[in-house]
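Sequence positions, counted from 1, serve as the residue numbers for this chain.
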Amino acid sequence: MIFITGGAGFIGSNFILDWLNQSDEPVLNLDKLTYAGNLENLASLQKDPRHVFVKGDLGDSSLVESLLAQYQPRAILHFAAESHVDRSIHGPEAFIQTNIVGTFRLLEVVRAYWGGLPEPEKSAFRFLHVSTDEVYGTLTKEDAPFAETNAYQPNSPYSASKAASDHLVRAWYHTYGLPVLTTNCSNNYGPYHFPEKLIPLMIVNALAGKPLPVYGDGMQIRDWLYVKDHCSAIRRVLEAGCLGETYNIGGWNEKPNLEIVHTVCALLDELRPCADGSSYKKQITFVQDRPGHDRRYAIDARKIERELGWKPAETFETGIRKTVQWYLDNPMWLENVQSGAYREWVLKQYEGGRA
Ligand code: NAD
Ligand code: DAU
């Protein structure tokens, strides 16, 4: 069994769906179900015994201890985090608690569990920490993409909290020998992305006839990766990554934000044209910039390709088309998220379970 934290979030739920599509090894999913956790993402697994869902906080050491003792996982994949930069600017506390304190508590409980494992389980055990390219700070146009050897220079409360968690994971390897792996990935997009983030927000607002808020001049650059490609990279690192190493994950898809918004509008113009024949682009509105906004991220993904043979399957063009189509095909998911009904859905569907 593998143990996933944050499996009801965007990337965690895509990972679980993907994992169980390719393997019968069960998944234990611990998620606090904050606003970003949505069990509706995993509706197709509701009666599937291979998915065990537990509602809880990764910082609850006695809960995690008892789960480890009961399920004896061979690996922990740590996705859970507060993940939205804008929220971290308005309220950093939860980021410190979950991303730093929560990761610390998890590491401590896992260290005790791993220390008590017999061989060969002990040597085979892995703690895979899912992190972000934002820990490296920001690039100018001329800079080379982020390599694993770049210095950490986080600029937002979110990225600072993730950087701190990366350092803790590293220290637990060097000090205690915990068999860890860390991945630092660029911006993901795809199904089940909470519509507070750029791409799903633009889709949702465009369809609702609302403004499409572009921060500053819209020329900030992000490096985009289709979420299923992130999942395949994590699987690859889990099976073949070298202990204590970090792997940057990206798809060489640098795009300015404004270009992303134009692409989303063009796809919607094609797939769901406005009744009056106008383009969704007319809804684009330039708004005040994000404080401390990093200008450019770009990932040098040569290490994971060279050492582990991983490459993304999607281009940005194929991935973004699939993504826009997914949102058009899943209006109920969107409606439930927007109305807040997804939280009730959770309660109704999982009533009587451990949730
Ligand atoms: P998300 O916000 O969609 O999901 C986070 C999940 O963690 C939610 O289900 C939430 O309920 C859960 N959670 C939060 N606090 C918790 C706690 N204390 N205990 C247990 N569960 C808790 O985030 P995401 O976009 O899926 O990101 C997942 C991971 O990937 C994060 O660690 C993030 O830093 C990292 N990452 C994200 C991206 C991206 O583009 N989204 C890119 C690189 C790395
Ligand atoms: O780089 C990886 C990171 O990508 C992850 O670690 C984070 O968890 C994830 O949220 C994401 O962070 P960003 O801040 O890059 O993502 P977001 O979708 O919030 O913003 C993408 C870009 O778009 C960023 O430059 C800000 C801009 N933006 C965002 C929103 C929500 C806008 O211009 N308008 C918006 O309304």
Side-chain angles (χ1 to χ4, degrees), residues 11 75-79 81 83 85 88 95 99-100 103-104 106-107 110-111 126-188 220-227 229-256 292-312 316:
I11 304 173
I76 313 285
L77 284 82
H78 179 29
F79 290 88
S83 69
V85 174
S88 83
F95 290 73
N99 301 0
I100 307 179
T103 299
F104 156 69
L106 181 66
L107 283 165
V110 171
R111 177 164 75 95
R126 297 288 181 268
F127 182 98
L128 192 153
H129 177 56
V130 179
S131 193
T132 169
D133 59 359
E134 299 201 12
V135 298
Y136 298 118
T138 187
L139 296 168
T140 65
K141 259 193 194 154
E142 293 74 33
D143 287 329
F146 300 128
E148 288 80 358
T149 46
N150 275 46
Y152 272 35
Q153 293 187 322
N155 292 320
S156 72
Y158 163 70
S159 54
S161 69
K162 290 297 292 188
S165 68
D166 292 11
H167 290 324
L168 291 173
V169 170
R170 177 187 163 87
W172 261 241
Y173 170 71
H174 284 279
T175 306
Y176 305 112
L178 189 70
V180 308
L181 299 155
T182 295
T183 58
N184 294 89
C185 189
S186 62
N187 284 63
N188 285 213
Q220 305 84 3
I221 291 171
R222 295 293 182 267
D223 189 351
W224 295 92
L225 185 69
Y226 191 62
V227 65
D229 280 327
H230 188 187
C231 296
S232 73
I234 290 172
R235 278 203 313 276
R236 187 70 195 126
V237 172
L238 179 67
E239 69 191 15
C242 284
L243 294 187
E245 290 289 311
T246 69
Y247 295 91
N248 283 357
I249 304 173
W252 306 95
N253 279 312
E254 286 185 62
K255 308 267 180 212
H293 201 166
D294 286 336
R295 194 69 183 167
R296 175 180 165 228
Y297 301 146
I299 279 279
D300 178 341
R302 282 178 296 179
K303 178 178 174 183
I304 187 170
E305 181 177 349
R306 188 178 59 244
E307 295 185 9
L308 305 182
W310 175 85
K311 268 190 188 177
F316 185 71

Return the orientation label for the Phe95 and Tyr158 ring planes: parallel under 30°, perpendicular over 60°, tilted otherwise.
perpendicular
Checking [X] side chain against [Y] main chain: does a donor-acceptor pair fall under 3.5 Å?
X      : Y      : value
Asn184 : Thr132 : yes
Thr246 : Thr182 : no
Tyr247 : Cys242 : yes
Glu148 : Asn248 : yes
Lys303 : Leu308 : no
Arg296 : Lys141 : yes

Would you say Arg302 has more than 12 foreign heavy atoms packed within less than 6.0 Å of its CZ?
no
Arg235 atom CZ, over 12 foreign heavy atoms within 6.0 Å:
yes
Side-chain contact, heavy-atom cut-off 4.5 Å: [X] with [Y]?
X      : Y      : result
Ile249 : Trp310 : yes
Lys162 : Glu134 : no
Leu168 : Ile100 : yes
His129 : Val180 : no

Starting at [atom1] of [X], measure out to [atom2] of [Y] and round the result to the nearest 0.5 Å.
X      : Y      : atom1 : atom2 : value
Thr149 : Tyr136 : OG1   : OH    : 7.5 Å
Leu77  : Cys231 : CG    : SG    : 10.5 Å
Ile299 : Asn253 : CD1   : CG    : 12.0 Å
Arg222 : Arg295 : CZ    : CZ    : 9.5 Å
Tyr297 : Asp223 : OH    : CG    : 11.5 Å
His78  : Leu107 : NE2   : CG    : 7.0 Å

For [X] versus [Y], what's the shortest heavy-atom pair and its separation?
X      : Y      : result
Gly137 : Asn155 : CA-ND2, 3.8 Å
Gly250 : Ser186 : CA-OG, 3.7 Å
Ile304 : Ala233 : CD1-CB, 4.0 Å
Asp229 : Ser232 : O-OG, 3.0 Å
Gly251 : Pro312 : CA-CG, 3.9 Å
Ala163 : Pro154 : CB-CG, 3.7 Å

Under the side chain to side chain contact (heavy atoms under 4.5 Å, CB included) rule, what do Phe127 and Leu106 come out as? Steps first, then yes or no, please.
CA-CA 10 Å; Phe127 182 98; Leu106 181 66; 3.8 Å; yes
Residue pair Ile234, Val130: steps toward the side chain to side chain contact (heavy atoms under 4.5 Å, CB included) verdict
CA-CA 8 Å; Ile234 290 172; Val130 179; 4.1 Å; yes
Do Tyr152 and Asp166 have side-chain N/O donor and acceptor atoms under 3.5 Å apart?
yes
Under the side chain to side chain contact (heavy atoms under 4.5 Å, CB included) rule, collect the residues that match up with Thr140, sequence neighbours excluded.
Glu142, Asp143
